[in-house]
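Read through the structure below, which is laid out as structure tokens, and then see the notes.
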Amino acid sequence: MVLPSSHSSRLKYMSLGVLVLQTTSLVLTMRYSRTLKEDGPRYLASSAVVSAEVLKIITCSILVLMENNYNMRAMNQLLKEEIVNKPAETLKLAVPAGIYTLQNNLLYVALSNLDAATYQVTYQLKILTTALFSVSMLGKRLGFYQWLSLLLLMGGVALVQWPTESGGDSEEKVLSAGSQFVGLMAVLMACVSSGFAGVYFEKILKETKQSVWVRNIQLGLFSFVFGFVGMMVYDFQSVRQSGMFQGYSTITCVVVVLQALGGLVVAVVIKYADNILKGFATSLSIIVSTLTSYFLLKDFNPTGLFFFGALLVIAATFLYGYERKPASSSAVKV
């Protein structure tokens with residue numbers, strides 16, 4: 001069935017809006033929730049990660065039920081065949097699940113120490129790590145424009161992270177520099193884990209013909225186990241004293257929902273959004289995060305280097321998605 005051009009265009013721009021909203025709102029709400037001063041203990045990042053995985057499993061189960069015409073018996077049979085009766089296939093997802101769990105916890109660490117704008121720009125390094133893992137693990141080949149965009153990307157992120165002179169006493173400077181370093185390391189580790197887990201998951205999806213929602217249930221089950229174990233190891237005393245849901249508020253619940261459903265929403269709309277629209281979504285998300293951090297959160301003072309670096313990152317995003325129609329198919333787009 002071919003969609004009319006006007007309807008197709010409308011779907012594309014709806015996809016753009018959803019991508020921008022999801023990307024920006026998760027970063028901003030997570031940053032706000034980690035810096036908000038409230039009475040009592042702050043919510044545990046490990047608890048939020050576990051809650052998001054539970055919500056993701058429930059959502060994917062509902063989607064699988066819908067695919068089976070709301071037949072509960074058919075859904076149970078499908079899940080038994082694909083998860084229980086194929087232990088080797090299921091165990092393959094333990095690797096990306098563990099890495100995704102680590103990545104989700106790292107993002108909380110990053111946004112506890114970096115403003116949303118700096119985080120958004122720096123996190124685009126996941127394009128670099130994904131490209132490198134795609135080349136090494138999937139045997140994909142990048143064209144000239146892709147390699148050029150990766151160089152621009154690295155240069156832009158380097159400029160954004162370039163140290164600047166700031167006011168205040170030396171002790172405040174040391175604390176600020178230390179916090180930014182922790183945030184930067186968390187983002188870099190998240191970029192590496194995101195690239196590897198994403199390519200590994202893509203490889204698994206291409207090797208089998210399972211429903212993507214069934215795969216996400218398998219992924220979520222492992223992520224829940226890893227996340228829960230991590231919470232018990234690192235936050236056992238806090239959980240024992242004040243419970244798993246200590247410090248939860250409305251904004252915490254919004255963060256959990258956005259983290260759980262965000263990736264699923266993107267998976268649905270991404271087929272309508274081409275590379276140019278994805279570039280627009282990333283660019284608009286960076287701009288909105290910068291403006292919100294400066295005017296509303298008031299935790300960000302932009303510099304000339306930041307703006308130039310952000311411009312390079314935005315240009316790199318568009319250039320990486322640039323589709324040139326070659327005479328031969330020597331270069332394969334990632």
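Along the sequence shown, residues carry numbers from 1.
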With a cut-off of 6.0 Å (strictly less than), are more than 12 heavy atoms of other residues, nucleotides or ligands near CZ of Phe308?
no
Would Ile217 end up clustered with Val225 when hydrophobic side chains under 4.5 Å apart are linked, directly or stepwise?
yes
Any donor-acceptor N or O pair under 3.5 Å, side chains Thr118, Gln161
no
Donor-acceptor check, side chain of Ser193 to backbone of Ala190, threshold 3.5 angstrom: yes or no?
yes
Backbone of Glu82 reached by a side-chain donor or acceptor of Gln218 within 3.5 Å:
yes
Could you tell me the separation between the NZ atom of Lys37 and the CZ atom of Arg42, rounded to the nearest 0.5 Å?
8.5 Å
With Ala315 via side-chain contact (heavy atoms from CB on, under 4.5 Å) - residues at least two apart:
none
Members sharing Met189's hydrophobic cluster (side chains within less than 4.5 Å):
Leu102, Leu106
Does Val49 belong to the same Ile/Leu/Val/Met/Phe/Trp/Tyr cluster as Phe236, with side-chain heavy atoms less than 4.5 Å apart forming each link?
yes
Heavy-atom donor-acceptor pair, Asn68 side chain to Asn71 backbone, under 3.5 Å
no
Does Gln124 reach the main-chain N or O of Val121 with its side chain, forming a donor-acceptor pair under 3.5 Å?
no
Inter-residue atom distance Ser61.OG - Leu79.CG, 0.5 Å rounding
6.5 Å
Following the transitive rule for hydrophobic clusters with a side-chain heavy-atom cut-off under 4.5 Å over Ile, Leu, Val, Met, Phe, Trp and Tyr, establish whether Val288 and Val160 coincide in one cluster.
no
Can a donor-acceptor pair be found, under 3.5 Å and without considering hydrogens, that links the side chain of Thr29 to the backbone of Leu26?
yes
Measure from the side-chain N and O atoms of Ser285 to the backbone N and O of Val20, and report whether any donor-acceptor pair falls under 3.5 Å.
no
Rounded to the nearest 0.5 Å, how far does CD1 of Ile204 lie from CD of Glu202?
11.0 Å
With Ser112, which residues qualify under side chain to side chain donor-acceptor pair (under 3.5 Å), at least two apart?
Arg34
By side chain to side chain donor-acceptor pair (under 3.5 Å) - contacts of Lys80 (at least two apart):
none
So does Met66 have more than 12 non-hydrogen atoms from other groups sitting under 6.0 Å from CE?
no
Side chain to side chain donor-acceptor pair (under 3.5 Å) partners for Lys126, two or more places apart:
none
Contacts of Phe300 meeting ring pair (Phe, Tyr, Trp, His ring centres under 6.0 Å) (sequence neighbours excluded), chain-then-number -> Phe306
Membership question, hydrophobic clusters at under 4.5 Å side-chain separation (ILVMFWY): are Leu311 and Leu319 in the same one?
no
Checking Thr282 against Thr317 for the side chain to side chain donor-acceptor pair (under 3.5 Å) test, could you report, in this order, the C-alpha distance in whole Å, the side-chain angles of both residues, the deciding distance, and whether it holds?
CA-CA 8 Å; Thr282 300; Thr317 305; 5.2 Å; no
Considering only Ile, Leu, Val, Met, Phe, Trp and Tyr, and joining two whenever side-chain heavy atoms are under 4.5 Å apart, list the other residues clustered with Leu36.
Leu28, Tyr32, Ile251, Leu297
Gln259 side chain to Tyr108 side chain, donor-acceptor N/O pair below 3.5 angstrom
yes
Please identify each residue that fulfils ring pair (Phe, Tyr, Trp, His ring centres under 6.0 Å) with Tyr123, with sequence neighbours left out.
Tyr119
Linking Ile, Leu, Val, Met, Phe, Trp and Tyr through side-chain heavy atoms less than 4.5 Å apart, which residues share a cluster with Leu296?
none
Are the side chain of Thr90 and the backbone N or O of Ile83 linked by a donor-acceptor pair below 3.5 Å?
yes
Please enumerate all residues that pass side chain to side chain donor-acceptor pair (under 3.5 Å) together with Asp235, with sequence neighbours excluded.
Ser46
Does anything in residues 244-255 pair up under side chain to side chain donor-acceptor pair (under 3.5 Å), and if so which pairs, sequence neighbours excluded?
Ser47-Tyr248, Ser51-Tyr248, Ser249-Thr252
Can a donor-acceptor pair be found between the side chains of Asn113 and Ser179 at a distance below 3.5 Å?
yes
Which residues pass the ring pair (Phe, Tyr, Trp, His ring centres under 6.0 Å) test with Phe222, sequence neighbours left out?
none
